[in-house]
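Please read the structure below before turning to the comments.
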Amino acid sequence: MNDCRRKVVIVPCSGIGKTYGTVSREAAYEVIEDMRPADTQLVALSLLVLGDEDARAAVAGNPAVTIDGCKLACATKMVEESGGTVAQDFAVLDAYRRHRQFKPQGIAELNEGGQKLAHAMAEEVAAVVDDLSGDGGKDA
Ligand code: SF4
C-alpha cells in the first residue's frame with residue numbers, strides 16, 4: 001500500500017434516452033461510488049465535449065477506462081481526442097453478448113436485467129481498475 005497510486009478515470013458515454021447508455025452510467029457509478037471509490041474518478045463525457053480544462057487534465061494525466069453504450073464509442077473517441085489514453089474500453093453491447101440472460105430494458109429506470117448487466121460490467125471494470133491502479137501489478 002502506498003499513497004502514490006494512480007486514480008483511474010472512468011468515462012461512461014452519455015447515451016441519454018438509450019437503455020445501453022443508462023447501463024453504461026449505472027456500471028460506472030457502481031465502480032466509482034461502491035466498488036473502488038479510492039482508486040477511481042468519474043469524468044463526465046459532456047465536460048470533455050465542452051473542453052473543460054479539469055476534465056481534460058484528468059484524462060491526460062491518468063489511465064482511462066471507457067464504457068460505451070454502442071459501437072459509435074463516443075466516450076472512447078472523446079478521451080482520445082482530449083489527449084487521454086484509453087487503457088480499456090468496454091461496450092454494453094459486448095457485455096450483453098457475454099451475459100445474454102441479462103436483457104436490459106428501460107431508460108430512466110432499468111429493469112432487473114439491466115441492473116444485473118450493469119453490475120456484471122462494474123465487476124469487469126473494477127478488475128481492470130485493480131490492474132491499473134497498482135493492486136497486484138507494478139508500474140511499467
Ligand atoms: S456510444 Fe452510443 S449510446 Fe453512447 S452516447 Fe455514443 S451514440 Fe449514444
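All ligand and atom numbering here is 1-based and tracks the order in the structure. For this chain, numbers begin at 1 and follow the sequence in order.
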Handout entry: Arg25 NZ/CZ over Tyr29 ring centroid, <6.0 Å and within 45° of normal
Key = no
Completion exercise
In this structure, CG of Asp89 is separated from CG of Asp94 (nearest 0.5 Å) by 8.5 Å
Handout entry: Approximate separation, where rounding is to 0.5 Å, of Leu47 CG and Arg56 CZ
Key = 12.0 Å
Handout entry: Charged N-O contact under 4.0 Å between Lys116 and Glu112
Key = yes
Problem - For Ser14, the ligand 1 atoms whose distance to one of its heavy atoms is below 4.0 Å - result: 5 (S)
Problem - atom 2 (Fe) of ligand 1 neighbourhood, protein N/O/S only, threshold under 2.8 Å - result: Cys70 SG
Problem - Sub-4.5 Å side-chain heavy-atom contact between Asp68 and Val92 - result: no
Exercise for the section: Give a yes or no answer on whether the side chain of Asn111 reaches the backbone of Gln105 with a donor-acceptor pair at less than 3.5 Å. Expected result: yes
